[in-house]
2 protein chains.
Amino acid sequence: MLISLDMTGDDPIYLQLRNEIVLGIASRRLQGGEGLPSVRQLAEDLGINAMTVNKAYTLLKEQGFIEIDRRQGAKVRVSTEAAPHFPGRWQQQLALLIAEGLARGMEKGELMKTCEQLFEILNQGEKTQ
Amino acid sequence: MLISLDMTGDDPIYLQLRNEIVLGIASRRLQGGEGLPSVRQLAEDLGINAMTVNKAYTLLKEQGFIEIDRRQGAKVRVSTEAAPHFPGRWQQQLALLIAEGLARGMEKGELMKTCEQLFEILNQGEKTQ
DNA sequence: TACTTGTATTATAGTTAGTAATACAACCGA
DNA sequence: TCGGTTGTATTACTAACTATAATACAAGTA
């Protein structure tokens with residue numbers, strides 16, 4: 001999977017990498033059970049430090065998106081066995097985004113349409129830029 | 001409007017305050033055109049520094065949620081005159097949250113239902129915790 | 001045995017975030 | 001004009017974060 005990082009942006013590298021992988025899983029460009037590059041390999045490919053990659057992997061592991069086996073390396077967790085109970089944080093963040101839309105005078109239909117479109121784009125495995 | 005801050009949490013105070021006000025506007029506990037407390041007044045009420053409040057207000061102003069007049073202080077912007085063009089950042093954040101749901105195996109109906117519920121709760125002006 | 005895996009440790013440099021104290025210009029009402 | 005209000009610019013300081021680097025280690029594989 002192609003991963004692009006913005007080294008000049010505000011978001012830290014490890015977070016960008018984490019997000020890219022989450023987007024990859026959601027769009028099925030990364031299949032469940034699929035192996036991820038080793039931290040050293042990916043670090044070299046991206047031109048960043050291995051510990052930065054490790055930080056992203058650790059985060060993804062803690063959040064239940066991947067599993068890490070010392071033998072086989074990191075691999076994508078199959079979604080069916082993923083943690084069913086979402087962290088309240090997720091819902092809270094979603095509520096805040098919706099509130100921002102509402103506070104700007106967004107209509108319900110408009111918002112739901114946007115959500116649905118974003119879902120479809122991801123679900124069909126297209127690029128999200 | 002009652003504002004509760006978590007001084008021990010990870011989120012900075014100014015951001016919590018900013019978010020609380022956005023939620024207040026979305027749920028109409030803060031009406032369009034309604035005046036907000038002065039930075040000093042609110043700072044004293046919350047037991048924080050005035051510049052921290054100012055930082056939240058400045059952020060809200062930059063994002064188009066409030067207007068600030070030196071004479072009258074800060075007041076909620078009426079949503080009809082709010083910036084119609086959303087920042088791409090918003091959509092990007094929403095896409096990431098949806099991706100997290102998808103990556104955890106969330107169904108489309110489940111996600112849409114969650115969005116709709118959050119919208120309704122806000123739109124009816126109830127507390128969001 | 002040689003090489004791979006993730007990970008822990010330590011160090012370091014740079015940057016940013018967060019809060020605070022203070023002072024100032026603009027404005028308002030009495 | 002006089003006090004008191006408003007937002008805000010400036011400055012300062014501490015703490016935390018970010019990224020990198022150099023090692024080192026335990027565990028597993030071929």
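Proteins get letters first, then strands, A, B, ... in listed order; numbering begins at 1 in each. What you see below is based on every heavy atom in this structure, not just the backbone, and it leaves out hydrogens, waters and symmetry mates.
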Take Glu120(B) and Lys113(B), measure what salt bridge (Lys or Arg N to Asp or Glu O under 4.0 Å) needs, and give me the verdict at the end.
CA-CA 10 Å; Glu120(B) 293 300 341; Lys113(B) 188 179 170 188; over 6 Å; no

Please list each protein N or O that sits under 3.5 Å from an N or O in nucleotides 16-20 of chain D, with the distance.
from	atom 1	to	atom 2	distance (Å)
dT18(D)	OP2	Tyr14(A)	OH	3.2
dA19(D)	OP1	Ile13(A)	N	2.2
dT20(D)	OP2	Asn49(A)	N	3.3
dT20(D)	OP2	Thr52(A)	OG1	2.8

Report the distance from atom [atom1] of [X] to atom [atom2] of [N], rounded to the nearest whole Å.
X	N	atom1	atom2	answer
Arg40(B)	dC24(C)	CZ	P	14 Å
Asp10(B)	dG18(C)	CG	C1'	14 Å
Leu36(A)	dT5(C)	CG	C1'	14 Å
Glu62(A)	dT7(C)	CD	C1'	13 Å
Asp69(A)	dG6(C)	CG	P	10 Å
Asn54(A)	dA26(D)	CG	P	18 Å
Leu17(B)	dT19(C)	CG	C1'	14 Å
Ile66(A)	dG6(C)	CD1	C1'	11 Å

Within the 4.5 Å heavy-atom criterion, are Leu96(B) and Gln93(B) side-chain neighbours or not?
no

Close side-chain approach of Ile98(B) and Leu111(B), heavy atoms under 4.5 Å
yes

If you draw the axis of the six-membered ring of Phe65(B), does the NZ or CZ of Arg77(B) fall within 45° of it and under 6.0 Å from the ring centre?
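Cation-pi check for Arg77(B) and Phe65(B): fails.
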
Between Lys75(A) and dT5(C), does any side-chain N or O lie under 4.0 Å from OP1 or OP2?
no

Would you say Glu34(B)'s side chain and Gln31(B)'s backbone share a donor-acceptor pair under 3.5 angstrom?
yes

Quick check on the hydrophobic clustering: are Leu23(A) and Trp90(A) connected, directly or via other members, by side-chain heavy-atom contacts under 4.5 Å?
yes

